[in-house]
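What follows is one structure encoded as structure tokens, with my remarks underneath.
By convention in this document, chain letters (A, B, ...) are assigned in the order of the sequence lines, proteins followed by strands, and residues within each chain are numbered from 1.
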There are 2 protein chains.
Amino acid sequence: MSEAPGGAGEGSFNPYSRACPSRRFLKFLGDLWTVLVIGALYEAGSPQRFTEISLRVDGISTKMLTNTLRALERDGLVLRHQYAEMPPRVTYELSPMGQDLANVLRDVEGWATGHMQDVLDARESYDVAHGE
Amino acid sequence: MSEAPGGAGEGSFNPYSRACPSRRFLKFLGDLWTVLVIGALYEAGSPQRFTEISLRVDGISTKMLTNTLRALERDGLVLRHQYAEMPPRVTYELSPMGQDLANVLRDVEGWATGHMQDVLDARESYDVAHGE
DNA sequence: CTGTATCCAGGGGGATACTG
DNA sequence: CAGTATCCCCCTGGATACAG
């Protein structure tokens, strides 16, 4: 019952090894746009259109929104619905697995905003102690 | 009681706004090296030396390990201890706030490794359906 | 051992223009 | 509206050499 640094058992994935696919995946999950897009879809609670998402995620470019949504869809985290209308209408929503992930990422987001002030203070102390 | 996309109340931080400092912080927290270094320190359970950390986090360069540790220390998430010895000895450990964060990030890591296979399968299905 | 300093290639990602 | 296609700059981050 020896454990790798990641605590993964045998036959599992371990992001602490550079060759493991979970490392790249973890990197993707941590990507700012990934986190915010998933969070936006989660917050919305209903299928969102391309433009709606871009409005919720301030500053995201069409390129990155496209890339992010495409990757999320490919990974089975987001469901894409296309309607044969004119003008075209496309919506995105979290898959069950995506919603599960959203809950995890939401904790990270909550932790970040919840401790932001502490961190800001810590930085100030550090900068003062280390000569700006 | 209106809510921003991030669900943050007034006076709080909201990473969905590009100007909010929490966005940059969230980006830092999601960074691969940040996640793995914190995870490594958490797993270790005791203060770790520079070299020990680099061994746990496969593939990290001295530059990035230094940068990451420095940033974590500045943010009050990691405590650095320096001993006046020869050869020099320095150890790092999570601060109480850092340990709190570690628990959150650990869930993300666990989610990633726990769903890696599902994602791998989803990708294969997607690629087949969309012509490789 | 624990970093720091520099160089530099590669890729991420913004801005912009254009299409079905 | 929902993207796609390019250009292209910048900045990340690896490699390397060196210092305390």
Side-chain angles (χ1 to χ4, degrees), chain A residues 15 17-19 23-37 40-41 44 46-74 78-93 126 130-131, chain B residues 15 17-19 23-37 40-41 44 46-74 78-93 126 130-131:
Chain A
S17 300
R18 74 173 112 189
R23 172 174 287 198
R24 181 179 291 270
F25 183 50
L26 190 58
K27 180 173 182 175
F28 171 65
L29 291 187
D31 180 79
L32 181 65
W33 299 134
T34 301
V35 174
L36 295 182
V37 165
L41 289 176
S46 64
Q48 297 287 297
R49 304 183 64 162
F50 189 87
T51 305
E52 290 176 319
I53 301 173
S54 70
L55 290 177
R56 283 176 176 271
V57 183
D58 181 40
I60 192 170
S61 65
T62 70
K63 178 181 177 178
M64 290 315 293
L65 181 52
T66 299
N67 285 356
T68 304
L69 286 172
R70 210 60 84 219
L72 288 171
E73 186 195 0
R74 188 168 102 103
V78 157
L79 269 21
R80 192 183 113 114
H81 306 283
Q82 189 169 192
Y83 301 89
E85 299 176 0
M86 200 56 189
R89 181 159 155 264
V90 179
T91 62
Y92 297 89
E93 66 177 331
Y126 182 94
H130 294 75
Chain B
S17 299
R18 74 173 112 187
R23 173 174 288 199
R24 180 179 291 271
F25 183 50
L26 189 57
K27 180 174 182 174
F28 171 65
L29 292 187
D31 179 80
L32 181 64
W33 298 133
T34 301
V35 174
L36 295 183
V37 166
L41 289 176
S46 64
Q48 298 287 297
R49 305 182 63 162
F50 188 87
T51 304
E52 290 176 321
I53 301 173
S54 71
L55 289 177
R56 283 176 176 271
V57 182
D58 181 40
I60 193 171
S61 63
T62 70
K63 178 181 178 178
M64 290 316 293
L65 181 52
T66 299
N67 285 355
T68 304
L69 286 172
R70 212 57 87 220
L72 288 171
E73 186 194 0
R74 187 168 101 105
V78 157
L79 270 19
R80 193 184 113 113
H81 307 283
Q82 190 169 191
Y83 302 89
E85 299 177 1
M86 201 56 189
R89 180 160 155 262
V90 178
T91 62
Y92 297 89
E93 67 177 330
Y126 182 93
H130 295 73

Output a table of donor-acceptor pairs, distance under 3.5 Å, between side-chain atoms of residues 23-34 of chain B and any protein atom two or more places apart or on a different chain; print 'none' if there are none.
{"unit_1": "B:R23", "atom_1": "NE", "unit_2": "B:P15", "atom_2": "O", "d": "2.9"}
{"unit_1": "B:R23", "atom_1": "NH1", "unit_2": "A:D58", "atom_2": "O", "d": "2.9"}
{"unit_1": "B:R23", "atom_1": "NH2", "unit_2": "A:D58", "atom_2": "O", "d": "2.8"}
{"unit_1": "B:R23", "atom_1": "NH2", "unit_2": "B:P15", "atom_2": "O", "d": "3.3"}
{"unit_1": "B:R23", "atom_1": "NH2", "unit_2": "B:Y16", "atom_2": "O", "d": "3.1"}
{"unit_1": "B:D31", "atom_1": "OD2", "unit_2": "B:W33", "atom_2": "N", "d": "3.0"}
{"unit_1": "B:D31", "atom_1": "OD2", "unit_2": "B:T34", "atom_2": "N", "d": "3.2"}
{"unit_1": "B:T34", "atom_1": "OG1", "unit_2": "B:F28", "atom_2": "O", "d": "3.0"}

Between the CG atom in A:L55 and the CD atom in A:Q48, the distance rounded to the nearest 0.5 Å is 9.5 Å
In whole angstroms, how far is the [atom2] atom of [N] from the [atom1] atom of [X]?
X: A:R70; N: D:dG3; atom1: CZ; atom2: C1'; value: 8 Å
X: B:Q48; N: C:dT2; atom1: CD; atom2: P; value: 11 Å
X: A:N67; N: C:dG14; atom1: CG; atom2: C1'; value: 12 Å
X: B:K27; N: D:dT12; atom1: NZ; atom2: C1'; value: 9 Å
X: B:F28; N: D:dG13; atom1: CZ; atom2: C1'; value: 15 Å
X: A:R24; N: D:dG13; atom1: CZ; atom2: P; value: 14 Å
X: B:I53; N: C:dC1; atom1: CD1; atom2: C1'; value: 13 Å
X: B:R80; N: C:dT2; atom1: CZ; atom2: P; value: 10 Å

Does [X] have any side chain to side chain contact (heavy atoms under 4.5 Å, CB included) partners at least two apart in sequence or in another chain, and if so, which?
X: B:T62; value: B:F50
X: B:P47; value: B:T91, B:E93
X: A:V78; value: A:L41, A:L72, A:Y92, A:L94

Of the listed D:dT4, C:dT2, D:dA2, the closest approach to the A:T66 side chain comes from D:dT4
Residues at least two apart in sequence or cross-chain that pass side chain to side chain donor-acceptor pair (under 3.5 Å) with A:S17, listed by chain then number, are A:N14
B:E73: partners by side chain to side chain donor-acceptor pair (under 3.5 Å), with sequence neighbours left out =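 Per chain and number, B:E73 pairs via side chain to side chain donor-acceptor pair (under 3.5 Å) with no residue.
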Sorted by chain and residue number, the salt bridge (charged side-chain N to carboxylate O under 4.0 Å, His left out) partners of A:R49 (sequence neighbours excluded) come out as none
Partner residues of B:R89 under the salt bridge (charged side-chain N to carboxylate O under 4.0 Å, His left out) criterion, sequence neighbours left out: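 Here the qualifying residues are B:E85.
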inquiry  = My understanding is that only residues two or more places apart in sequence, or in another chain, count here; which of them pass ring pair (Phe, Tyr, Trp, His ring centres under 6.0 Å) with B:H130?
reply    =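 Here the qualifying residues are B:Y126.
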query: For C:dT2, does OP1 or OP2 lie under 4.0 Å from any side-chain N or O of B:R49?
result: yes
- A:Y92 side chain near D:dC1 phosphate (N/O to OP1/OP2, under 4.0 Å): no
(message) Give me the atom names and distance for the closest heavy-atom approach of B:M64 to B:T68.
(response)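 The pair with the smallest heavy-atom distance is O-OG1, 2.7 Å.
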Using nucleotides 18-20 of chain C, report all nitrogen or oxygen pairs with the protein that are shorter than 3.5 Å.
none

- Task: Would you mind classifying the nucleic acid contact of B:Y83 as base, sugar-phosphate or nothing, using non-hydrogen atoms under 4.0 angstrom?
- Result: nothing
Do B:L65 and B:I53 come close enough that some side-chain heavy atom pair is under 4.5 Å? yes
Between B:D31 and A:T91, the residue closer to the 5' end of DNA chain D by nearest nucleotide is A:T91
Please list, pair by pair, any protein nitrogen or oxygen found under 3.5 Å from a nitrogen or oxygen in nucleotides 14-19 of chain D.
{"unit_1": "D:dG14", "atom_1": "OP2", "unit_2": "B:S61", "atom_2": "OG", "d": "3.0"}
{"unit_1": "D:dG14", "atom_1": "O6", "unit_2": "B:K63", "atom_2": "NZ", "d": "2.5"}

One would report the end-axis bend of the helix from C:dC1-D:dG20 to C:dG20-D:dC1, five pairs per end and rounded to 10 degrees, as 50°
